Protein chains: 2
Amino acid sequence: MTIWERPEPKPRAAPVPLSRDKIAATAIRLADAHGLDGLSVRKIAKELGVGPMRLYDYVVNRSELLDLMVDVVYARIARADRRAGWRDTVLDIAHATREAALDHEWFADILGGRPHLGPHALAVGEANAAALAQAPGIDGLDELQRALGALNSFIIGAIRREVTERRTTRDTGDDINAFQSRLGPYLRRMLDTGDYPTVARLVIDGAHLEPAETFAHNLTTVLDGITG
Amino acid sequence: MTIWERPEPKPRAAPVPLSRDKIAATAIRLADAHGLDGLSVRKIAKELGVGPMRLYDYVVNRSELLDLMVDVVYARIARADRRAGWRDTVLDIAHATREAALDHEWFADILGGRPHLGPHALAVGEANAAALAQAPGIDGLDELQRALGALNSFIIGAIRREVTERRTTRDTGDDINAFQSRLGPYLRRMLDTGDYPTVARLVIDGAHLEPAETFAHNLTTVLDGITG
DNA sequence: ATCGCTGCCGTACGGTGTATCCACAAATAC
DNA sequence: GTATTTGTGGATACACCGTACGGCAGCGAT
């Protein structure tokens, strides 16, 4: 077959360059938009324009992918402005963590559910521990360990609860989740039974407290309690 | 065909009787054994000896199934012995919650991640709120709301962290998860860098504190802080 | 005997994580 | 220049998932 009759061979498409950072950034963008339940290896790969198995050159499995994503969030927490002094350092880290979680709600789903051992996570942990070690009321490693545990427990629980409440109350256009549309009427009926008077007072008469102010207030209360 | 030649018709197997309680109990048993990741509608149905679609007569979706399971755990928390007095009531509920989570680790995965509105969950919440409302330092609904938020946040975070640490350290025979086998050497290498001195001291020199004692100590610290 | 309804099971759809295979390009050896 | 080997990316496959929907057996009413 002469050259004029032979079709020109189609060059193989240049493979899409990938990197750990690129994969993590794409995964985070998708998780921000759709939550962890809506995140999958196949969707990330599609967004990157590659086959799903390409990701397995960079991570062993989906779990490691989550670890990557989490450490990117910690990198942001690590970069946040921080004042001097042990107390302000601890407060600043807590607030930065909360703000990161509000921007990346899926992060709240992971908090406390798996150990965070990425380099940035360790750096944030180190800064937090080093600061708390300087609190006047903390004498010795056992007290530091307990105090850190109490503080981190509060932060994890507070952030999770805030993000959960945020999701429950959010109206996302026509994508109202099944739970939210049933919550109001059902809860009202349950409270009308008279079996939960204190909960009823809280729900019906309780003011809608500003979340940032509540977090700040409770954080200082807990911090003063564990370092007093 | 005479009766002697005609095969006897095989009667349809009697359908397996189902109930909400039976489904929940089976689901809980499977989740206890395999975690939430290993739980599926199909596995529960198989265990019950029915097709998976049968479960959808009792729940709308998998999410409601989880709600059922959670309220069963709250039923147990509600039944736990409780002493008199606001402080002992609050402490007893917290400890009962922790003990339930240690028996049903998947419960810790759910804590704080979705509102708990089953009747038993509401009952436990009511008992907790009513008790805390009687604390001397709690004046008014706003303070009660904040104090409840701080307390519940701590409990959620503490239980999740304890269960996570428990899973991370558990050796389950030949089913050692990938994370645990990599944790020790990796963490040691990271700490050897010298970049995380306080974390290193905590990990290397820190005593292994007894989890129940740590929880109790931190709980009273936080409770005293928010009601002081 | 026939008909309609109900409930259960099976099939199907569109998805999941990840193991494995295959084709092809690039590198290496002769 | 040709043959062989190696590496890489895409495709296929496997075993699973939640849940929609259709078919059919059994039961009750007429």
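Small disclaimer: the values here were computed from a predicted structure and weren't measured. Per chain, numbering begins at 1; letters A, B, ... match sequence-line order. Just the heavy atoms: all of them, side chains too, but no hydrogens, waters or symmetry mates, feed the values below.
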Here the distance between atom C1' of dG10(D) and atom CG of L48(A), to the nearest Å, is 15 Å
Per-helix bend value, the helix from dA1(C)-dT30(D) to dC30(C)-dG1(D), C1' rotation axes over five pairs per end, 10° rounding, shows 30°
K22(A) side chain to P17(A) backbone, donor-acceptor under 3.5 Å: yes
E126(A) and D195(B) have their tightest heavy-atom pair at CG-O, 3.8 Å
Query raised in the report: Is there a donor in the side chain of R114(A) and an acceptor in the side chain of S63(A), or the other way round, less than 3.5 Å apart?
Result: yes
All heavy atoms of L117(B) vs all of Y186(A), minimum pair found to be O-OH, 2.6 Å
Note to self: Can you see whether F215(B) has R98(B) sitting over its ring - NZ or CZ less than 6.0 Å from the centre and within 45° of the normal?
What the structure shows: yes
L65(B) CG to dG18(D) C1', in whole Å, measures 12 Å
note: Y56(B), atom OH; dG10(C), atom P; distance rounded to Å ~ 16 Å
In whole angstroms, the gap separating P of dT16(C) from CD1 of I44(A) amounts to 10 Å
Here the distance between atom P of dG10(C) and atom CZ of R54(B), to the nearest Å, is 12 Å
Could you tell me whether a side-chain N or O of R54(A) sits under 3.5 Å from a main-chain N or O of V16(A), the two making a donor and an acceptor?
yes
When rounded to whole Å, the CG to C1' distance for the pair D37(A) and dG17(C) reads 15 Å
Hey, mind stepping through R167(A) and D109(A) against salt bridge (Lys or Arg N to Asp or Glu O under 4.0 Å) and telling me if it holds? CA-CA 12 Å; R167(A) 280 178 177 146; D109(A) 296 335; 2.9 Å; yes
query = Would you find a donor on one side and an acceptor on the other, under 3.5 Å apart, between the side chain of N218(B) and the backbone of R146(A)?
reply = yes
Here the distance between atom C1' of dC8(C) and atom CG of L18(B), to the nearest Å, is 11 Å
Each nucleotide of nucleotides 11-17 of chain D classed B (base within 4.0 Å of a protein heavy atom), S (only sugar-phosphate) or -, in 5' to 3' order, makes B-B---B
Stepwise side-chain hydrogen bond (donor to acceptor under 3.5 Å, both in side chains) test for T26(B) and E47(B): CA-CA 7 Å; T26(B) 302; E47(B) 187 76 15; over 6 Å; no
Separation of dT6(C) atom P from D57(B) atom CG, nearest Å, is 13 Å
